[in-house]
Structures are given as structure tokens and as C-alpha cells.
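Read through the structure below, which is laid out as C-alpha cells, and then see the notes.
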Amino acid sequence: MGNNLQTSQNGMSRLFDKGDVFSDKCPSRDILKHVTSRWGVLVLVALKDGDTQRFSELRRKIVGVSEKMLAQTLQALELDGFVLRTSYPVVPPHVEYSLTDLGLEVSVRVASLADWIEDNITDILAIQSQRNEELAS
């Protein structure tokens, strides 16, 4: 896979051969924040199987997300090149969301983390409970 940073038309991106998330000056840190935010992870996982979904479908699937947070998350992921927004000129407006190739690649990675958490939730909760009991003593 080629280095998209070097071939981008954006002048700023030509400054980087590779990102450095430990640098407060590197834009990769903001992208990491978008991908790993609570709602970013859930949007990427919800779209991971290649399904195109409407906003309302995503909102129903991601229980607890507000309309505002879902819209902001989708916009950030779209600007990062992970989500494709397709708008159809009909009344009422019809907008669909899907993952780009880059979005599919990152969704597989965050889905792996989410799967690991789900697989280990019993152990994690037991450790949390034990720690809380120790702190209460």
C-alpha cells in the first residue's frame, strides 16, 4: 500500500513520511482521537460489514448516541477519509453512509479490539470489582 501522505494534494501532508502519535504536533493524533472515541469505534464497527446505512439506522444500532454526536462523529470520519457519505436529491433527503477502503481497514482493527473486550468482559469486571473492594477497605 502506497504512502497516501506523500501523494496527497494537501501541502501539509507532504511534510510527513509517517505519522507520530506521540508528537503533539502530528495530525495523526487527531485522527487517532476520531477513530478511538467512543462513538468513532462504534460507527466503524457498525459499518464494518460493508452495509450501507442511513443515519437513522446507525442511530438505532448505536444505542445511547445523540443525533448531534453521531452527526459530528460521521463528519469527522468522513473528513479523515474513512466514511463515504452519499446524498440523494430527493424529498425527504436520503443520505447513506458506508466505509471507504481505508475505513474498512481501520474498522477491522478497532473491531478486533472491541471483540477482545467483549470476550474478556467477565475477567475485566471481576478485576474492577476486586479493585473497588480493596479501595473500600
Side-chain angles (χ1 to χ4, degrees):
M1 180 174 180
N3 188 336
N4 290 335
L5 292 176
Q6 290 177 335
T7 59
S8 172
Q9 296 301 313
N10 181 337
M12 175 73 150
S13 64
R14 290 190 200 139
L15 299 174
F16 300 97
D17 288 329
K18 183 176 184 211
D20 179 6
V21 295
F22 292 105
S23 169
D24 62 347
K25 303 210 181 345
C26 185
S28 63
R29 189 176 283 189
D30 284 333
I31 296 165
L32 180 66
K33 181 173 62 174
H34 299 158
V35 168
T36 60
S37 71
R38 174 193 329 184
W39 306 121
V41 168
L42 294 176
V43 165
L44 290 167
V45 173
L47 293 171
K48 179 179 75 69
D49 293 327
D51 298 334
T52 297
Q53 295 186 40
R54 295 182 73 172
F55 185 90
S56 58
E57 292 172 311
L58 284 169
R59 186 144 183 247
R60 278 192 299 276
K61 191 172 202 172
I62 305 171
V63 177
V65 68
S66 69
E67 192 170 309
K68 178 183 176 183
M69 286 308 302
L70 181 56
Q72 287 177 352
T73 301
L74 286 165
Q75 183 180 35
L77 293 173
E78 180 184 8
L79 289 172
D80 292 339
F82 301 132
V83 169
L84 177 65
R85 179 183 187 272
T86 305
S87 181
Y88 298 95
V90 295
V91 176
H94 181 98
V95 179
E96 295 178 341
Y97 297 92
S98 59
L99 293 177
T100 63
D101 289 342
L102 201 56
L104 183 58
E105 187 175 339
V106 74
S107 74
V108 169
R109 294 171 188 265
V110 296
S112 177
L113 175 60
D115 289 343
W116 182 89
I117 291 169
E118 288 178 337
D119 291 343
N120 291 280
I121 192 65
T122 304
D123 293 337
I124 295 167
L125 292 176
I127 291 167
Q128 287 178 346
S129 178
Q130 181 181 2
R131 297 286 186 242
N132 288 335
E133 287 175 14
E134 290 172 1
L135 290 174
S137 301

Short side-chain to backbone donor-acceptor contact, R54 and E96, under 3.5 Å: no
Output all residues satisfying salt bridge (charged side-chain N to carboxylate O under 4.0 Å, His left out) with [X], sequence neighbours left out; order by chain, then residue number.
{"X": "E133", "result": "none"}
{"X": "E67", "result": "R59"}
{"X": "D30", "result": "K33"}
{"X": "K61", "result": "none"}

Short N-O contact, E57 and R60, less than 4.0 angstrom: no
All pairs passing salt bridge (Lys or Arg N to Asp or Glu O under 4.0 Å) where residues 114-123 contributes a residue, at least two apart: none
Measure the shortest side-chain to side-chain distance between [X] and [Y] over non-hydrogen atoms and say whether it is less than 4.5 angstrom.
{"X": "N132", "Y": "S129", "answer": "no"}
{"X": "V43", "Y": "F82", "answer": "no"}
{"X": "L47", "Y": "L58", "answer": "yes"}
{"X": "T86", "Y": "V95", "answer": "no"}

Nearest heavy-atom pair of [X] and [Y]: which atoms, and what distance?
{"X": "L44", "Y": "S107", "result": "O-CB, 3.4 Å"}
{"X": "C26", "Y": "G19", "result": "SG-CA, 3.7 Å"}
{"X": "V45", "Y": "A111", "result": "CG2-CA, 3.8 Å"}

Do [X] and [Y] belong to the same hydrophobic cluster, where Ile, Leu, Val, Met, Phe, Trp and Tyr are linked whenever their side-chain heavy atoms lie under 4.5 Å apart, directly or via other members?
{"X": "L104", "Y": "L42", "result": "yes"}
{"X": "L70", "Y": "V110", "result": "yes"}
{"X": "V35", "Y": "L102", "result": "yes"}
{"X": "V21", "Y": "V106", "result": "no"}

Quick check for you: to the nearest 0.5 Å, what is the distance between [X] atom [atom1] and [Y] atom [atom2]?
{"X": "I127", "Y": "T122", "atom1": "CD1", "atom2": "OG1", "value": "11.0 Å"}
{"X": "K68", "Y": "T73", "atom1": "NZ", "atom2": "OG1", "value": "11.5 Å"}
{"X": "L99", "Y": "D51", "atom1": "CG", "atom2": "CG", "value": "9.5 Å"}

Candidate pair Q128 and L125, rule side chain to side chain contact (heavy atoms under 4.5 Å, CB included), full reasoning: CA-CA 5 Å; Q128 287 178 346; L125 292 176; 3.4 Å; yes
Residue pairs involving residues 34-50 (criterion side-chain hydrogen bond (donor to acceptor under 3.5 Å, both in side chains); sequence neighbours excluded):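 Output for this query lists H34-D80.
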Exercise: do Y97 and E78 side chains pair donor with acceptor under 3.5 Å: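 Their side chains do not contain a donor-acceptor pair, so the 3.5 Å distance test is not met.
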